[in-house]
Amino acid sequence: MLSIIDLIKMKIKIKRPRGTRDFTPEDMHRRNFVRKQIESVFKRYNYQEILFPTIEDVHLFEIKSGGEIKEHMYVFEDKGKRKICLRPEATASVCRMFVDKLNDMKKPLKLYYFCPMFRYERPQKGRYREFWHMGIELIGSSSYESDAEVIAIAYKSLKNIGLNFDLEIGHLGILRGLMSELGMDDKIQNRVISYMDKNDMKRLRDIIKNKIILNLIKLKGGKEILGKAEKLLENYKNAFNSLMELKEILNYLDIEGIDYKINFGVGRGLEYYTGMVFEIRIDALGSESQICGGGRYDNLIELLGGQPTPATGFAFGFDRIMNALEIQGIDIPDRYIDLIIAPVNKEVKKNAIEIASKLRERFIVDMDIMDRKLGKILEYGNEINAKFALIIGSDDLSRNRVTLRNMRSGEQKKILITELIDKIDRELNLNKELHK
Ligand code: HAM
């Protein structure tokens with residue numbers, strides 16, 4: 001094996017791990033802009049941010065996450081011989097945290113998170129080994145309104161950033177109820193749901209011979225299909241009750257003006273779902289078209305050692321949302337800074353630093369620190385999208401003033417140093433429209 005010294009001598013470039021990405025300042029500006037837009041919707045529904053560790057005890061995800069996730073986990077033994085993994089999803093961590101710390105808080109708890117997840121999958125466009133989840137969990141309510149609220153938040157967040165998408169809602173309580181009534185155990189139920197999730201009709205037909213199940217999961221459409229489902233399920237009490245539950249949730253969504261399709265074939269790759277489930281897709285994204293997944297999971301908290309506590313939530317695949325914005329040609333405003341300060345010679349540098357320091361209490365200010373000529377500083381100012389340049393020259397300074405240049409129009413004004421903040425504020429306000 002080569003030593004570090006050998007690597008340095010051979011000038012071998014060290015690559016980033018497969019399936020991970022670097023984000024440039026431009027990328028981060030775009031991602032933060034979108035994050036804030038989505039966050040603003042979460043906050044308007046009174047959700048509060050939480051954070052949990054990047055690494056977790058591997059058992060947390062072995063309890064109820066399902067084969068697919070387990071297969072793709074990054075697992076390692078730490079120096080204390082504990083089996084640790086990089087978190088592949090957030091819901092189990094949030095439930096662990098709830099049991100640890102939040103159990104005594106007034107319900108319902110409305111929580112959101114934005115953090116990277118890790119899954120050792122085969123990387124391709126839209127599928128990464130490190131990717132970001134932005135999601136919410138609503139803990140402590142089993143009401144129809146809480147399921148409707150969660151779906152509405154996902155829908156409105158995506159509308160808020162201007163995306164076009166398809167929302168499909170199903171209900172695993174219906175399917176699980178039906179399968180239980182037909183005598184199918186949990187293990188088979190999980191397999192059925194996993195095949196549904198992968199759209200693997202062949203394997204599905206191999207394990208299910210029952211026509212009612214096959215007909216049910218094929219049902220997809222508007223509210224008109226509810227009648228068909230009722231007919232199919234009329235002799236199966238538990239499944240029928242869950243169908244009525246779904247109806248109630250949909251009624252609330254209608255009040256909020258949410259556009260959706262019902263799809264009884266929505267499966268989900270995670271095993272903890274017990275009730276309503278939903279997915280959001282943008283077909284133009286190709287094979288990785290699902291940008292959001294969620295649903296109700298009423299048993300997970302109890303399975304993790306807590307009191308029986310109902311919960312519901314979802315997670316956006318944030319990276320796929322960024323890809324979708326690009327595909328749908330949705331503009332993200334450029335980043336601007338307020339001012340570039342241009343000292344015209346070395347003699348005025350100290351005054352320039354003093355002025356910059358004062359202005360930074362209020363504005364976003366850059367300043368030339370390369371002793372460049374005025375022309376070059378203005379070029380740099382254009383490059384970094386400065387709205388104004390503040391030119392500081394010896395003559396002006398001797399009269400207690402500086403020159404404010406509008407970078408877009410080229411118009412210049414002399415301003416007294418004592419009036420700088422007010423005048424710059426005024427100019428920025430007057431030119432707001434120019435920099436949208
Ligand atoms: P999930 O469907 O496994 O659900 O993940 C949510 C979203 O993460 C997916 O819809 C997809 O957009 C994105 N995603 C998944 N894997 C990758 C990947 N390798 N690269 C890029 N994006 C990916 C969950 O994890 C649940 N915890 C959601 C939830 C929250 N359910 C209830 N509360």
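For ligands, and for the atoms within them, numbers begin at 1 and follow the listed sequence.
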Show me the side-chain donor-acceptor pairs of residues 6-14 shorter than 3.5 Å, one per line, residues at least two apart or across chains.
| from | atom 1 | to | atom 2 | distance (Å) |
| --- | --- | --- | --- | --- |
| Asp6 | OD2 | Ser3 | N | 3.2 |
| Asp6 | OD2 | Ser3 | OG | 3.2 |

So among Tyr112, Tyr113, Tyr47, which one has a side-chain hydrogen bond (donor to acceptor under 3.5 Å, both in side chains) with Glu137?
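Filter result, single survivor: Tyr113.
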Using the six-membered ring wherever Trp is involved, compare the ring planes of Phe33 and His29 and label them parallel, tilted or perpendicular (cut-offs 30° and 60°).
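Phe33 vs His29 ring planes: tilted.
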What class does the angle between the rings of Trp132 and Phe23 fall in, given that below 30° is parallel, 30 to 60° is tilted and above 60° is perpendicular?
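Rings of Trp132 and Phe23: perpendicular, as their planes differ by over 60°.
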Under a 4.0 Å heavy-atom cut-off, what residues line ligand 1?
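The answer is Glu89, Thr91, Tyr113, Arg119, Glu121, Gly126, Arg127, Tyr128, Phe131, His133, Glu137, Arg268, Leu270, Tyr272, Tyr273, Gln290, Ile291, Cys292, Gly293, Gly294, Gly295, Tyr297, Gly313, Phe314, Ala315, Gly317, Arg320, counting any residue whose heavy atom sits under 4.0 Å from ligand 1.
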Determine yes or no for a side-chain-to-main-chain donor-acceptor pair under 3.5 angstrom, with Glu149 supplying the side chain and Ala152 the backbone.
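Such a contact is absent between Glu149 side chain and Ala152 backbone.
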So do Tyr252 and Asp254 actually touch side chain to side chain, heavy atoms under 4.5 Å?
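In short, these two side chains do not touch, never coming nearer than 4.5 Å.
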